[in-house]
Amino acid sequence: QVQLVESGGGLVQAGGSLRLSCTTSGRTFSSRAMGWFRRAPGKEREFVSTISWSGGSTYYADSVKGRFTISRDNTKNTVYLQMNSLKAGDTAVYYCAAAWSPSGSSDPLIYDYWGQGTQVSVSS
């Protein structure tokens with residue numbers, strides 16, 4: 001069983017930054033790709049970013065490319081999402097997810113464990 005706990009959300013003004021963290025339990029973290037998704041009020045869940053098991057491969061949604069950076073520290077079982085130049089449209093609950101695959105994907109079906117989410121609110 002893998003448990004994921006997100007932290008780092010909060011309220012920030014447009015143009016500001018936040019760094020989300022997702023710490024996982026279990027011994028399989030380093031063999032799994034990790035991803036971040038988000039759900040805005042009244043909208044479907046959407047893919048944000050993913051990182052391969054080694055951190056050597058990353059992928060971003062077009063809406064966050066150039067502003068967000070995903071990274072991981074396998075010694076700490078933690079994945080991060082650095083969010084810069086935040087916009088009101090980034091307001092959402094952000095979810096961390098662990099994949100059964102070592103390679104990341106935007107497809108939510110490869111993720112078999114999910115965190116409870118952390119709220120990010122950006123005021124304009």
Side-chain angles (χ1 to χ4, degrees):
Q1 192 75 357
V2 177
Q3 292 184 324
L4 293 76
V5 179
E6 302 99 333
S7 62
L11 174 63
V12 64
Q13 289 188 332
S17 299
L18 285 174
R19 188 175 82 153
L20 305 183
S21 299
C22 172
T23 301
T24 70
S25 64
R27 294 176 291 179
T28 61
F29 175 81
S30 61
S31 65
R32 294 174 174 266
M34 298 295 293
W36 286 97
F37 290 76
R38 68 186 182 186
R39 187 191 300 272
K43 295 187 177 181
E44 298 289 318
R45 180 181 60 190
E46 66 172 352
F47 166 77
V48 175
S49 182
T50 186
I51 187 167
S52 63
W53 69 277
S54 66
S57 178
T58 59
Y59 181 64
Y60 299 91
D62 287 343
S63 59
V64 306
K65 199 173 297 182
R67 301 188 297 121
F68 290 11
T69 302
I70 191 170
S71 61
R72 67 189 294 160
D73 185 339
N74 286 349
T75 67
K76 297 181 179 179
N77 282 9
T78 301
V79 62
Y80 305 96
L81 185 68
Q82 177 67 44
M83 306 186 295
N84 298 329
S85 302
L86 283 162
K87 306 174 182 179
D90 295 318
T91 294
V93 177
Y94 284 71
Y95 298 91
C96 171
W100 49 258
S101 168
S103 300
S105 172
S106 59
D107 184 350
L109 292 180
I110 75 160
Y111 299 92
D112 50 357
Y113 292 100
W114 295 80
Q116 293 300 305
T118 185
Q119 176 70 48
V120 171
S121 298
V122 184
S123 62
S124 57

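Not measured: the values here are computed from a predicted model.
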Side chain to side chain, Met83 and Trp36, heavy atoms closer than 4.5 Å: no

Hydrophobic cluster membership, Tyr95 vs Val122, 4.5 Å side-chain cutoff: no

Which donor-acceptor pairs under 3.5 Å do the side chains of residues 7-15 make with protein atoms, sequence neighbours left out?
none

Arg67: salt bridge (Lys or Arg N to Asp or Glu O under 4.0 Å) partners, not counting sequence neighbours: Asp90

Distance, nearest 0.5 Å, that separates CZ of Phe29 from CE of Met34: 5.0 Å

Side chains of Val64 and Arg38 in contact at under 4.5 Å (non-hydrogen atoms): yes

Show me the side-chain donor-acceptor pairs of residues 97-104 shorter than 3.5 Å, one per line, residues at least two apart or across chains.
| from | atom 1 | to | atom 2 | distance (Å) |
| --- | --- | --- | --- | --- |
| Trp100 | NE1 | Ile110 | O | 3.3 |
| Ser101 | OG | Ser103 | N | 3.0 |
| Ser101 | OG | Ser103 | O | 3.1 |

Under 3.5 Å donor-acceptor, Ser25 side chain and Gln3 backbone: yes

Residues forming a salt bridge (Lys or Arg N to Asp or Glu O under 4.0 Å) with Arg32, sequence neighbours excluded: Asp112

Ser124 versus Ala88, closest heavy-atom pair with distance: CB-CB, 4.2 Å

Contacts of type ring-ring contact (aromatic ring centres under 6.0 Å, His included), residue Phe47, not counting sequence neighbours: Phe37, Tyr59

Results of salt bridge (Lys or Arg N to Asp or Glu O under 4.0 Å) for Lys65 - residues two or more places apart only: Asp62

Within one Ile-Leu-Val-Met-Phe-Trp-Tyr cluster: Leu4 and Ile70, side-chain cutoff 4.5 Å: yes

Same cluster (ILVMFWY, side-chain, under 4.5 Å), Val93 and Tyr111: yes

Enclosure of Gln82 CD (heavy-atom neighbours >12, cutoff 6.0 Å): yes

Under 3.5 Å: donor-acceptor pair, side chain of Glu6, backbone of Gly117: yes

Passing candidate, side chain to side chain contact (heavy atoms under 4.5 Å, CB included) with Tyr60, options Thr50, Thr69, Ile51, Val48: Thr69

Side-chain touch Leu86/Phe68, heavy atoms, less than 4.5 angstrom: yes

Heavy-atom check, side chain of Asp73 versus side chain of Tyr80, under 4.5 Å: yes

Arg39 to Arg45 - nearest heavy-atom pair and separation: NH1-N, 3.6 Å

Flag if over 12 foreign heavy atoms under 6.0 Å of CD, Gln119: yes

